[in-house]
Amino acid sequence: MGKDGLEITLNIVKMLVIFLVMVQLVPVLVWLERRVSAFMQNRFGPNRVGPLGLIQLLADAVKFLFKEPFFPEKGMAVMYYGAPIMALIPGALALAAIPLGTPFHLEEADWNLFGFIPLGHHPAYDFILQGYDFGVGIVIVLGVSSLGAYSLLMAGWGSSNKYSLLGALRASAQMVSYELALGLSLVGILMVFNTFSFYDIVAQQNPANPLTFNFLGTVHTMPWWIPNWGIFYNPLGALIFFCASFAETNRLPFDLPEAEGELVAGFHTEYGGFALLMFYIGEYGHMMVASALMATFYFGGYTIPYVSNEAVATFVSNTHHFLGAFDLSIHSNWAAFVTSLCFFVSMLVKILFFLLIFIWVRWTLPRFRYDQLMDLGWKTMLPWALFNTCLTAVWLAISHKPV
Amino acid sequence: MLSSQDFLFYFLGALSLIFGLGVVLYRNPIYSALCLVITMISVAGIFATLDAWFIAGVQLIVYAGAVTVLFVMVLMLFDLKHEMKTFSKGVIGNGVKLASSGVLLGMFSTYIWATYATEPTFKPMAAGATSSIKATKDLATSLFTSYLFAFEVIGLLLLVIAVGAVTLSRITGGTHHHAD
Amino acid sequence: MPINPAAWKVGLDHYLYLSSLLFVFGMLGVLMRRNVIVILMCIELMLNAVNISFIAFSRYAENVNGQVMVFFVMTIAAAEAAVGLALAVTVFKKFREVNIRFFEHLKG
């Protein structure tokens, strides 16, 4: 197949894989949430089923699958069944745009399975660990995650239940309000890094360069133990982005629309079984996207702190006996792949760290009342985000960072 | 055979036309609003095929992510229960409207065919122009230098609209007014 | 319907046909629908059609002014949608009706 065909096929396969990764990471997250919340509340979590309670989630998933699917009496089928599907799409699309590892270059070679079964010949190809790579990654991710409000609205209306509708309207109003603070806090990062594409942002946080500040011409280099991360360029923006992403994912302390005991269960009152599971997958997918964005913008992305990218590449390509069989100093394609894998693992560690913080905050802070929530979004976060934009602009003008 | 760019245009164009027709024809206004969302998303895709990536993203954020959410929220709050006639009454009126729209479409098509049928192909983009930050920088420079007055007036307009919308929502009186 | 594949290659005129067709659909909606909110939505559809033609011309002439114009049109359309909906909500609170034919016979 030609180069175009190969690229389209690979992209489709990559997007499927990313979607499956998002779905498969959800049971791990739910297990983590139940155990971590249990330890915070001074009790054990589920620890009977399987080692450390890991099979509990499999049992829960099977239970969900076999629940009775019901349909409210006057509900609208298109909306009722379309809402859970709509909940999955923005998370998967946004996760596909974020680079999860460094791209690796495959030389033109023959594919050989186990070294002697020929599979075909492929041309030289740059494999990126993103589903798609437009130049304007940030704007597309913001746009796609703002489509998440529709799943809430469709769920609320299609349930033909006044409490669902009220919960859905509150949730979507909250999401739209906090999108503003989210977008504005990202403007600060755009100004500092001067690019829209995620790959360039991560490349500018390369650990090979130390953290330097230009102040009126003199260059101050920070000590080596402070990594070259975006959070040191824009700390207020990082704080606002983090808080706004809690509100975007409907996560405590901003989860009034889906809280138990407040509005029955909010917009997913009338859902049970598999459809409810899809809503949870969508919510955790949104959390994963928020964590990945936080890691990419403010914490160096897929780079490993204190170790430059080239050092990792040389370390890997000098490895002999990888898995007892491959000599990575000879197979350059496999060396590139393993290098990329190291960065992917580093990115996963960072994403898991932020997910842990999401779970930690959930069981630490009390819930906001709805008017307090809207006040916070419009009267506190939006002005601070604007102030952050002005502050970053002034600081950039003073420091003469080269554009 | 169609190149992928052309196929994308035809697919997205067909999608936007079909769902645009859905906006006009559905009886239930919430289905109309959802068709409008899909139309907006496909229009964003059409912008992307024209290499206007930033405008496509802004279309997704502003139109598909905020304006139509507002429409859907207002429609859900209205909760119209009684049966409402969808289209205007009167065959002659409707006939005149359809005929005049057809005439307008004919005029548009004739003009386009007469002017652009001979040399309509797009020149390929210059090599360095795929860096979208440069295109956005051109846009921003143009906004702040050539169109500065219009930009400031739009800012003022947005302020006036925000104040006006909040004021409108505070109007009391009418059939459901509680005197307290 | 042209059979030769050269006519299927997308040029400026294809985008303009699409834009004019979408505009006429929106216009039909404004003329023939009775619900105020749906009329506002069809106005948004017309503005989107115009945006497509602006961007197509901007790409054809390699000029950034078309995109600036689209920027302004989007801003104004969003603002107008907000005010139109606020007005519709106010009117609905007063009269409990969004049928536009109801308002033809109001006096005063």
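In what follows, chains are A, B, ... by sequence order, proteins preceding strands, each numbered from 1.
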Q.
Any heavy-atom pair between the side chains of B:I154 and C:F71 that's under 4.5 Å?
A. no
Q) With only heavy atoms counted, which part of B:T68 is less than 4.5 Å from chain C, the side chain, the backbone, both or neither? A) neither
Q: Quick one: closest heavy-atom pair of B:L105 and C:L21, and the distance?
A: CD2-CD1, 3.5 Å
Q: Go through B:Y111 and C:L16 one step at a time and tell me if the side-chain contact (heavy atoms from CB on, under 4.5 Å) criterion holds.
A: CA-CA 10 Å; B:Y111 174 73; C:L16 292 182; over 6 Å; no
Q | Euclidean distance, B:S100 OG relative to C:L31 CG, rounded to 0.5 Å | A | 6.5 Å
Q) Do you know the tightest heavy-atom contact between B:L70 and C:A82? A) CD2-CA, 4.1 Å
(Q) Rounded at 0.5 Å granularity, tell me how far CG in C:L18 sits from OH in B:Y10. (A) 11.0 Å
Q: Write down the atom of B:S16, the atom of C:L22, and the distance for their closest heavy-atom approach.
A: O-CD1, 3.8 Å
Q) If you count heavy-atom pairs under 4.5 Å between each of B:F108, B:F71, B:F151 and chain C, which one has the most? A) B:F71
Q | Contact check, side chains of B:F78 and C:V89, non-hydrogen atoms, under 4.5 Å | A | yes
(Q) Quick check for you: to the nearest 0.5 Å, what is the distance between C:F54 atom CZ and B:F47 atom CZ? (A) 11.0 Å
Q: For the residue pair B:V58 and C:V70, establish whether any side-chain heavy-atom pair is separated by less than 4.5 Å.
A: no
Q) Which bit of B:L36 comes within less than 4.5 Å of chain C, counting heavy atoms only: side chain, backbone, both or neither? A) side chain
**Q.** Considering all heavy atoms, the nearest C:V83-B:L168 contact
**A.** O-CD1, 4.4 Å
**Q.** Where B:L50 and C:R59 come nearest, the two heavy atoms and their spacing
**A.** O-CD, 3.3 Å
Q. Which of the residues B:A150, B:G102, B:S146, B:A140 is involved in the greatest number of heavy-atom pairs with chain C at under 4.5 angstrom?
A. B:A150
Q) For B:Y63 and C:E44, which heavy atoms make the closest approach, and how far apart are they? A) CE2-OE1, 2.9 Å
(Q) Please classify the contact between C:S20 and chain B as side chain, backbone, both or neither, with a heavy-atom cut-off of under 4.5 Å. (A) both
(Q) Just so I understand: if I count every heavy-atom pair under 4.5 Å between each of B:V62, B:L21, B:T39 and chain C, which residue has the most? (A) B:L21
Q) Given side chains that start at C-beta, do those of B:S101 and C:L28 come closer than 4.5 Å, heavy atoms only? A) yes
**Q.** B:L25 CG to C:R33 CZ distance, which is reported to the nearest 0.5 Å
**A.** 8.0 Å
Q.
As an exercise, state the distance from CD1 of B:I55 to OG of C:S58, rounded to the nearest 0.5 Å.
A. 8.5 Å
Q.
Report which part of B:V23 has an atom under 4.5 Å of a heavy atom belonging to chain C: side chain, backbone, both, or neither.
A. both
**Q.** Spacing of CG belonging to B:L12 relative to CD1 belonging to C:I52, to within rounding of 0.5 Å
**A.** 10.0 Å
Q | Max heavy-atom pair count under 4.5 Å with chain C, selected residue of B:L158, B:L157, B:L143 | A | B:L143
Q | Toward chain B, the part of C:M27 with a non-hydrogen atom under 4.5 Å | A | side chain
Q: For each of B:A66, B:G164, B:A33, tally heavy-atom pairs with chain C at distances under 4.5 Å, and name the one with the top tally.
A: B:A33
Q) Side chain, backbone, both or neither: which part of C:V38 has an atom under 4.5 Å from a heavy atom of chain B? A) side chain
Q) So, do C:L85 and B:M73 sit near enough that their side-chain heavy atoms are less than 4.5 Å apart? A) no
Q) Going by heavy atoms in the side chains, are B:V74 and C:I37 under 4.5 Å from each other? A) yes
Q: Could you check if a side-chain atom of C:M32 sits within less than 4.5 angstrom of a side-chain atom of B:V24, using non-hydrogen atoms only?
A: no
Q) If you count heavy-atom pairs under 4.5 Å between each of C:A79, C:G29, C:A81, C:G26 and chain B, which one has the most? A) C:A79
**Q.** No-hydrogen, no-angle side-chain donor-acceptor test under 3.5 Å, B:D138 and C:Q67
**A.** no
